[in-house]
Amino acid sequence: MRRFPPERIVCLTEETVETLYLLGAEDRIVGVSGYAVRPPRVRREKPRVSAFTSADIPKILALAPDLVLAFSDLQADIVADLARAGVAVHLFNQRDVAGCLAMIRTLGALVGLPERAEALAAGFAARLAEAAAAVRDRPAPRVYFEEWDAPMISGIGWVSDLIGLAGGRDVFPDLSRQPAAKDRIVTSGQVIEAAPDVILASWCGKRVNVARIRARPGWDAIPAVRDGRIHEIKSPLILQPGPAALTDGFDAIRACLA
């Protein structure tokens, strides 16, 4: 970094944007992902410089950032371009709830606000633990989370963790530990065999078509379909591995399992 703490930060994904706002460090953000919607005022306040797998490198460089925050292997090419241009980049790669909490603490350290970050992460962790304790003795419904419909992709680690904390049981827990979406592809037959009691769907920003899910061949035998327990959770709430998933995304899962 050119200076510490960094004064000019670009965030290429939503979760670091929201975390910096929650830490009271939003004035340092000079550019954000086009998908950033939390808090709502971010769309009015900050210039958009990237999608998820693409970015306007000249626009980012013109902002003269001290630090760029990225996420996952899907942004590795963007990170490489920025590194070659002499920009300091930190790439996060959290894939479960523990990783989301670690991201908050790490980001706090990177921007010189470790105490605030610790309080924020500890507060999220305590709330999750309290909610989990409240449902510990209840029967756990079997839950299938669908991240994409064609091909069908099951939920990633933090989603699986949140399902468990909400009192459910992910029907594909082993797949959830696979970081790449291509390694979480499931077949229709696998879902039918898993017999979920609840189906949760969040199709990466595309509106979920519940009728289409219900009409899949053979799915009328699935308890969730038979009982009308198919629910959409909006992608900005659950598919960003940070504060949104730990709060509103988790609450949405809890409501669906109640």
Is it the case that the side chains of [Y] and [X] hold a donor-acceptor pair, with the cut-off being a distance below 3.5 Å and no angle test?
X    : Y    : value
S33  : T13  : no
W203 : S235 : no
N209 : R207 : no

I'd like to know if the side chain of D56 and the backbone of K59 have a donor-acceptor N/O pair within less than 3.5 Å.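 Yes: the side chain of D56 pairs with the backbone of K59.
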
Using modelled atom types only, decide if a donor and an acceptor are shared between the side chain of K46 and the backbone of V10 within a distance under 3.5 Å.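 Side chain of K46 to backbone of V10, a donor-acceptor pair under 3.5 Å: no, none is there.
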
SB check [X] [Y] (cutoff 4.0 Å):
X    : Y    : value
R177 : D161 : yes
R28  : E26  : no
K206 : D149 : yes
R8   : D66  : no
E146 : R212 : no

Please determine whether the number of non-hydrogen atoms from other residues, nucleotides or ligands lying under 6.0 Å from atom CG of D73 exceeds 12.
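Buried by this count: over 12 neighbours within 6.0 Å.
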
- Task: Please tell me if the side chains of I153 and V186 come closer than 4.5 Å, counting only heavy atoms from C-beta onward.
- Result: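 Heavy-atom side-chain distance check fails, nothing below 4.5 Å.
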
(message) With side-chain contact (heavy atoms from CB on, under 4.5 Å) as the test, pick out the partner of P241 among Q94, R95, M103.
(response)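 Among Q94, R95, M103, the one that satisfies the side-chain contact (heavy atoms from CB on, under 4.5 Å) with P241 is Q94.
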
Can Y21 and R38 be said to form a side-chain contact (heavy atoms from CB on, under 4.5 Å), step by step?
CA-CA 9 Å; Y21 269 85; R38 292 171 63 97; over 6 Å; no

* Show the numbers, then the answer: is there a side-chain contact (heavy atoms from CB on, under 4.5 Å) between V68 and I9? => CA-CA 6 Å; V68 174; I9 302 172; over 6 Å; no

